[in-house]
Amino acid sequence: QVQLQESGPGLVKPSQTLSLTCTVSGGSIFADGYVWDWIRQPPGKGLEWMGALGYDGSTGYSPSLKSRTSISRDTSKNQFSLQMRSVTPEDTAVYYCATRVGGAWGQGTQVTVSS
């Protein structure tokens with residue numbers, strides 16, 4: 001059974017880069033057919049899909065975030081990561097990583113953007 005765990009700083013200053021890592025266990029991030037997502041939920045708002053990484057290394061992003069978001073992977077550590085540049089307080093949210101195969105989600109990590 002695939003399990004995911006997000007990690008990263010809980011506080012980021014405005015204009016800096018937010019970096020989060022998702023560690024995958026119980027499965028390989030390059031297993032055929034798998035897609036790995038980053039999703040966030042700002043306080044009081046709904047879930048927002050941010051982007052995805054395919055098992056083959058391909059990526060896709062939300063049009064509204066594409067200009068400042070990138071997703072990468074470290075196959076040696078079975079991890080994939082999210083970087084978001086030039087953050088503002090509006091990027092404050094709980095950030096989740098997830099996989100579409102089996103529907104597993106991480107527990108989420110709170111990120112606050114504040115000076």
Heavy-atom closest contact (R100 atom, A52 atom, distance): NH2-CB, 3.6 Å
Check: S19 main-chain N/O paired with Q83 side-chain donor or acceptor under 3.5 Å: no
The single option from T59, V101, V2, I71 passing side-chain contact (heavy atoms from CB on, under 4.5 Å) against W36: V2
Single-linkage hydrophobic cluster V113~L20, side-chain heavy atoms < 4.5 angstrom: yes
Spacing of CD belonging to E6 relative to CD belonging to Q110, to within rounding of 0.5 Å: 12.0 Å
I39-I29 co-clustered via ILVMFWY side chain contacts under 4.5 Å: no
Heavy-atom pair of closest approach, residues P14 and S115: CD-N, 3.5 Å
From C97 atom SG to Q107 atom CD, the distance as rounded to the nearest 0.5 Å: 9.5 Å
Contact summary for P43 and A93, nearest pair of heavy atoms: CD-CA, 4.4 Å
Non-hydrogen side-chain atoms of S28 and N78 separated by less than 4.5 Å: yes
Hydrophobic cluster membership, V35 vs L4, 4.5 Å side-chain cutoff: no
W38 and its ring-ring contact (aromatic ring centres under 6.0 Å, His included) partner, picked from Y95, W105, F80: F80
Closest contact, heavy atoms only, D56 versus S58: OD1-OG, 2.7 Å
Verify same cluster id: Y34, F30 (apolar side-chain graph, 4.5 Å): yes
Single hit among L47, D91, V94 for side-chain contact (heavy atoms from CB on, under 4.5 Å) with R40: D91
Validation row: T23, Q3 side chains within 4.5 angstrom (heavy atoms): no
Nearest-0.5 Å distance, OG of residue S72 to CD of residue Q79: 10.0 Å
Side chain proximity check, R85 to S70, heavy atoms < 4.5 angstrom: yes
Side-chain donor-acceptor contact under 3.5 Å, T21 with S81: yes
Check: S114 and L11 side chains under 4.5 Å, non-hydrogen atoms: yes
Student check: side-chain heavy atoms of M50 and S62 closer than 4.5 Å: no
Hydrophobic cluster identity match, L82 and Y96, side-chain contacts under 4.5 Å: no
Minimum-distance pair of heavy atoms, taken over all atoms of V87 and R68: CA-NH1, 3.9 Å
